[in-house]
Peer 1: 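Got a structure for you, written out below as structure tokens; questions coming shortly.
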Amino acid sequence: MKKNIKSKQCCFCGGNLSFSYILNGLPIVYCSDCHTSTIDKMPDNKDLEKFYDGFKFSISDNTSKLICNNNIKNWFAGFNLPTDAQMLDIGGGGGYFSYAFEQFGFGKATYIDIDPQACKYAKETLDISNVICDDVHNISSNKTNKKYDFIYCRHVIEHLTDPISMIHKAISLLSDQGYFVLQFPNGLSFERLHEIKQLKLRIHSIKEPNNWSYLKTLSVLFSRRTAFDLWPVRHLWAISKKGMSIALSNVKGISYDVKTANILDKIYSPYSAYPLKRNKFKNFTRNIFCKFHGGVHLIFIIKKSDFLS
């Protein structure tokens with residue numbers, strides 16, 4: 001399998017990609033410079049459209065309660081957005097953050113998603129102001145004269161064949177005093193490996209197809225080749241903090257802050273934080289695992305560089 005890997009460069013940092021291991025029957029390649037991982041060959045866009053038709057991430061009658069609460073309201077308020085602000089919700093999993101934005105009175109939201117059924121739910125059930133059913137790569141071709149004060153892209157870019165292009169387009173839609181919150185899985189996080197069930201799943205998914213020993217499998221999982229949450233064809237990337245930082249450093253006119261959050265974070269992990277049972281021992285071990293590369297979420301908060309918050 002290694003012989004079939006064609007030499008290519010990392011789209012985040014420009015480093016060389018080399019074969020890492022087989023996962024879900026597909027070769028995974030790894031950047032030795034920024035430690036981002038991806039699959040060797042991207043799927044066809046038509047296949048992805050078919051995969052996400054009816055995906056309806058976290059859509060249920062109770063999900064709105066996880067988002068429409070004071071934690072999220074105060075989070076929105078902390079950005080000091082202008083009156084009647086414009087929000088762009090990119091691939092928003094049913095549109096709950098758009099819904100909360102409008103329900104709390106911060107302004108109007110535009111929701112874009114490739115899943116027709118998620119868009120139907122956002123429009124007909126949540127009554128979001130503007131719903132666009134389209135590939136998120138096409139955001140700049142929709143409402144091109146519109147600028148947004150708050151852009152939220154939550155766990156979307158790891159699903160895309162060309163995440164850098166989409167990020168550039170989103171930045172171009174940012175108002176002069178706007179914020180672009182870009183959130184995605186932390187490709188180097190060890191946090192979930194403290195859970196025995198998750199550890200066993202990861203070991204099995206890598207050890208068997210690569211015919212590795214347990215020792216070699218564990219040495220990869222607890223290294224910078226861990227590729228957290230890379231799970232083709234659903235997740236096509238395991239992106240590192242270094243990789244995204246280098247990619248954004250090449251974009252003129254912006255600045256950013258970066259943070260990580262664990263799976264119990266009520267802002268960045270609302271779908272998991274509330275249902276999870278509180279267990280002091282698990283929380284203790286989770287914190288230990290998070291000390292190495294941070295929690296499961298990476299968050300880049302991007303703004304125009306001449307805007308002083």
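Here the structure is a predicted model, which means the values were calculated and not measured. All heavy atoms count here, side chains included; hydrogens, waters and symmetry mates do not.
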Peer 1: Between Ile28 and Leu221, is there shared hydrophobic-cluster membership here, with clusters defined by ILVMFWY side-chain heavy atoms closer than 4.5 Å?
Peer 2: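 Yes: a chain of side-chain contacts under 4.5 Å links Ile28 to Leu221.
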Peer 1: Any non-hydrogen side-chain atom of Cys68 less than 4.5 Å from a side-chain atom of Tyr99?
Peer 2: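 Sidechains of Tyr99 and Cys68: in contact.
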Peer 1: Does a side chain donor of either Ser269 or His297 reach within less than 3.5 Å of an acceptor in the other side chain?
Peer 2: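 A pair is found: one side chain offers a donor N or O, the other an acceptor, under 3.5 Å apart.
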Peer 1: Is there side-chain contact between Thr161 and Leu236, with heavy atoms separated by less than 4.5 Å?
Peer 2: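 The answer is yes; the side chains approach within 4.5 Å.
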Peer 1: Could you see if Ile254 belongs to whatever hydrophobic cluster contains Ile157? Use Ile, Leu, Val, Met, Phe, Trp, Tyr and a side-chain cutoff under 4.5 Å.
Peer 2: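 Yes; tracing contacts between hydrophobic side chains, which count when under 4.5 Å, links both residues.
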Peer 1: Heavy-atom distance under 4.5 Å between the side chains of Val181 and Arg154, does that happen here?
Peer 2: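 Heavy-atom side-chain distance check fails, nothing below 4.5 Å.
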Peer 1: Regarding Tyr96 and Tyr121, is there a side-chain donor-to-acceptor distance under 3.5 Å anywhere?
Peer 2: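 Side chains of Tyr96 and Tyr121: pair found under 3.5 Å.
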Peer 1: Answer whether the closest heavy-atom distance between the side chains of His155 and Pro185 falls below 4.5 Å.
Peer 2: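 Yes - at least one pair of side-chain heavy atoms lies under 4.5 Å apart.
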Peer 1: Evaluate Met87 against Phe97 for side chain to side chain contact (heavy atoms under 4.5 Å, CB included), listing each step before the verdict.
Peer 2: CA-CA 10 Å; Met87 176 191 185; Phe97 281 91; 4.0 Å; yes
Peer 1: Between Lys303 and Ser255, is the side chain to side chain contact (heavy atoms under 4.5 Å, CB included) condition met? List the steps.
Peer 2: CA-CA 6 Å; Lys303 58 189 177 184; Ser255 60; 3.6 Å; yes
Peer 1: Show the numbers, then the answer: is there a side chain to side chain contact (heavy atoms under 4.5 Å, CB included) between Ser18 and Ser32?
Peer 2: CA-CA 8 Å; Ser18 57; Ser32 58; 5.6 Å; no
Peer 1: Are Ser129 and Glu102 close enough that a side-chain donor and a side-chain acceptor fall under 3.5 Å?
Peer 2: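 Checked: Ser129/Glu102 side chains pair up, N/O donor to acceptor below 3.5 Å.
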Peer 1: Which of these passes side chain to side chain contact (heavy atoms under 4.5 Å, CB included) with Gln86: Asn130, Asp149, Leu81?
Peer 2: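 So the option named by the test is Asp149.
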Peer 1: Can Phe79 be reached from Phe106 by stepping across I, L, V, M, F, W or Y side chains whose heavy atoms are under 4.5 Å apart?
Peer 2: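 Same cluster.
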Peer 1: Would Tyr52 and Arg234 count as a side chain to side chain contact (heavy atoms under 4.5 Å, CB included) if you check the C-alpha gap in whole Å, the side-chain angles of each, and the deciding distance to 0.1 Å?
Peer 2: CA-CA 9 Å; Tyr52 286 109; Arg234 178 177 174 178; 4.1 Å; yes
Peer 1: Can Leu218 be reached from Leu188 by stepping across I, L, V, M, F, W or Y side chains whose heavy atoms are under 4.5 Å apart?
Peer 2: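 No, because Leu188 and Leu218 fall into different hydrophobic clusters, even though each may have its own neighbours under 4.5 Å.
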Peer 1: Are Trp75 and Tyr268 close enough that their ring centers fall under 6.0 Å?
Peer 2: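 Between Tyr268 and Trp75, which both carry aromatic rings, the centre distance is below 6.0 Å.
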Peer 1: Same cluster for Ile239 and Val258 if Ile/Leu/Val/Met/Phe/Trp/Tyr side chains link at under 4.5 Å?
Peer 2: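 Both belong to a single hydrophobic cluster.
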Peer 1: Do the two ring centres, one from Tyr179 and one from Phe150, sit under 6.0 Å apart?
Peer 2: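 Ring centroids of Tyr179 and Phe150 are no less than 6.0 Å from each other.
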Peer 1: Mind checking whether Arg225 and His35 have side chains closer than 4.5 Å, heavy atoms only?
Peer 2: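 Side chain of Arg225 against side chain of His35, heavy atoms only: no contact under 4.5 Å found.
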Peer 1: Side chains of Asn210 and Leu23: does their closest heavy-atom pair fall under 4.5 Å?
Peer 2: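 Contact flag for Asn210/Leu23 side chains = no.
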Peer 1: Report yes if the side chains of Tyr152 and Phe180 come closer than 4.5 Å at any heavy-atom pair, otherwise no.
Peer 2: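 No; the side chains remain at least 4.5 Å from each other.
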Peer 1: What is the distance from atom OG of Ser219 to atom OH of Tyr214, rounded to the nearest 0.5 Å?
Peer 2: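 Going from OG on Ser219 over to OH on Tyr214, the span is 14.5 Å.
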Peer 1: Distance from Leu126 atom CG to Ser64 atom OG, nearest 0.5 Å?
Peer 2: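 Reported value, rounded in 0.5 Å steps: 7.5 Å.
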Peer 1: Show your working on ring pair (Phe, Tyr, Trp, His ring centres under 6.0 Å) between Phe184 and Trp237 and close with a plain yes or no.
Peer 2: CA-CA 10 Å; Phe184 51 93; Trp237 298 87; over 10 Å; no
Peer 1: Would the distance check show the side chain of Lys169 and the main-chain N or O of Val136 forming a donor-acceptor pair, the cut-off being under 3.5 Å?
Peer 2: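 Checked: no pair found.
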